[in-house]
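All chains are named by letter (A, B, ...) in the order of the sequence lines, taking the proteins before the strands, and each is independently numbered beginning at 1.
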Number of protein chains: 2
Amino acid sequence: MILSGFACTYKITGQGKRQIVSFTIAGDIPDLQSLHLKVLDNSVATLSPCSVGFITHEDLRHLCTRFPRITSAFWRETLIDAAIFREWVMNVGRREGVSRTAHLLCELMVRLKAVGLVEDHACDLPITQVEFADALGFTPVHVNRVFQQMRAEGLIVTEGTRLTIPDWDRLKQVGEFDPTYLHLEIEQAAA
Amino acid sequence: MILSGFACTYKITGQGKRQIVSFTIAGDIPDLQSLHLKVLDNSVATLSPCSVGFITHEDLRHLCTRFPRITSAFWRETLIDAAIFREWVMNVGRREGVSRTAHLLCELMVRLKAVGLVEDHACDLPITQVEFADALGFTPVHVNRVFQQMRAEGLIVTEGTRLTIPDWDRLKQVGEFDPTYLHLEIEQAAA
DNA sequence: CGATGGCTTGAAATCTCTCAAAGAAAGTGG
DNA sequence: CCACTTTCTTTGAGAGATTTCAAGCCATCG
């Protein structure tokens, strides 16, 4: 479990290209699936210094058998991960440049907000353009150009790793972002 | 649960573009996630005449509480779905034309083989080029051209809805296909 | 037999990539 | 605190992949 910091899970194609398939932030358990899937089909990497906690499968199984509602809670977590993957398939498959990027930024903002890491429409996002490229299915060069365009259009403001969203509604609209798929208990009105 | 026939789950972007996020075949439960996720975040459609079975959430919950191993089995199913989504993100994000298409065809062949729907490296695939396009993140026109190229290269043979793979190893290689992510119990050597 | 859905074609427009290099920024060691 | 290295960002121009638009073909079906 990630206690603080940013990590990601990724896969590598036969040609050595990397695809980040999820970003994991505080509170996430990036490898919960290993409880029931014996063979690893993706890798985990940190994107910033992280503090992490480890829970043995044994302990998890114990918890689950003694408290069935815990099972449901964990299961639900993995189902939400799957819902996010589905959304990523759509994002990568059907949106281009600015829209695709805006969508990802919206998702990150909402998830970060849910764990208290957003203040004044801004957050610390220690993700490089190369990493965004690997998550969005672009080249780093293209991400750079997309970011420039988004800055020019006033969609984002960046200072180092700090990201500020001047107009949340507009970013949401550009990214066609609907947070339903995140299945948050408390509805996130705005970041 | 799909008993026979082909279905898919999909999402629609704000601009009305469709992205198929999974194909479901005999034995699949396309909406198992609804057991723990109250809000629907994708749609299901049939691609061919299907016979389907319905299981109420109540019955499922009953089964799960009485037989914890059933819980694990269902949970595992949803985790495999998630693993497939991850692979799709990579496929759509990092592979192009022929390779992306080959990968999808490999996945379908292996999954169909697992339920006995492949004979002599061939299967019935009632999926139109428009639907392939929506699954691969291409336009129908491009899928058509990719198919033509694959036919010309002897990677696939099509007669109506029947798909034959003349050289499985080559298709696998072109699609960089490694079935690990499908987490099949019995390893599928070849389709 | 006309209608419909699916497949195929061509040419031009777009988006995104590649390659190659230079400019910032950040971390390291003295 | 400065030089030095490394990592990250930015630029330009040409190439490549994919889309768009628009039309024609083919099979199937009522």
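- Salt bridge present: B:R94 and A:D134 bring a charged side-chain N and a carboxylate O closer than 4.0 Å.
- Distance, A:E96 CD to D:dT19 C1': 10 Å, rounded to whole Å.
- The CZ-P distance, from B:R145 to D:dG16, rounds to 18 Å in whole Å.
- To the nearest 0.5 angstrom, B:M150 atom CE is 10.5 Å from B:T158 atom OG1.
- Taking the six-membered ring for Trp, A:F132 and A:F138 have ring centres at least 6.0 Å apart.
- Here the C1' atom of nucleotide D:dG16 and the CZ atom of B:F138 are 14 Å apart, to the nearest Å.
- Counting any heavy atom pair closer than 4.0 Å across all strands shown, B:R151 reaches sugar-phosphate atoms only and no base atom.
- Residues B:L182 and B:I80 share a single hydrophobic cluster, defined by chaining ILVMFWY side chains whose heavy atoms lie under 4.5 Å apart.
- Bracketed by its first and final contacts, the part of DNA chain C lying under 4.0 Å from non-hydrogen atoms of chain B reaches from C:dG6 to C:dA11 in 5' to 3' order.
- Of the two residues near DNA chain D, B:T139 and A:T128, the one whose nearest nucleotide lies more 5' is A:T128.
- If you measure from atom CG of A:D134 to atom P of D:dC8, you get 12 Å, rounded to the nearest angstrom.
- Counting non-hydrogen atoms under 4.0 angstrom, B:G160 reaches nothing in the nucleic acid.
- When hydrophobic clusters are built by joining Ile, Leu, Val, Met, Phe, Trp and Tyr residues whose side-chain heavy atoms come closer than 4.5 Å, directly or via intermediates, B:M1 is grouped together with B:L112.
- A side-chain contact (heavy atoms from CB on, under 4.5 Å) with B:N91 is found for exactly one of B:E107, B:H103, B:R86, namely B:H103.
- A:R162 and A:D124 make their closest contact through NH1-N, 3.6 Å (heavy atoms, listed as atom of the first residue, atom of the second, distance).
- Looking at A:D178 and A:K172, no side-chain N of the basic residue comes within less than 4.0 Å of a carboxylate O on the acidic one, giving no salt bridge.
- In this structure, CZ of A:R94 is placed 11 Å from C1' of D:dT18, rounded to the nearest angstrom.
- Rounded to a whole Å, the NE2 atom of A:H142 is 17 Å from the P atom of D:dA13.
- For D:dT11, the OP1/OP2 oxygens have a side-chain nitrogen or oxygen of A:Q148 closer than 4.0 Å.
- The rotation axes computed at either terminus of the helix from C:dC1-D:dG30 to C:dG30-D:dC1 lie 50° apart, taking five pairs at each end and rounding to 10 degrees.
- Here A:F147 lies out of heavy-atom contact (under 4.0 Å) with every strand.
- The CD-P distance, from B:E159 to D:dC26, rounds to 19 Å in whole Å.
- Between the CD atom of B:Q129 and the P atom of D:dA27 there is a distance of 15 Å, rounded to whole Å.
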Decide yes or no on side-chain hydrogen bond (donor to acceptor under 3.5 Å, both in side chains) for B:D167 and B:H121, but give the supporting numbers first. CA-CA 9 Å; B:D167 186 342; B:H121 313 271; over 6 Å; no
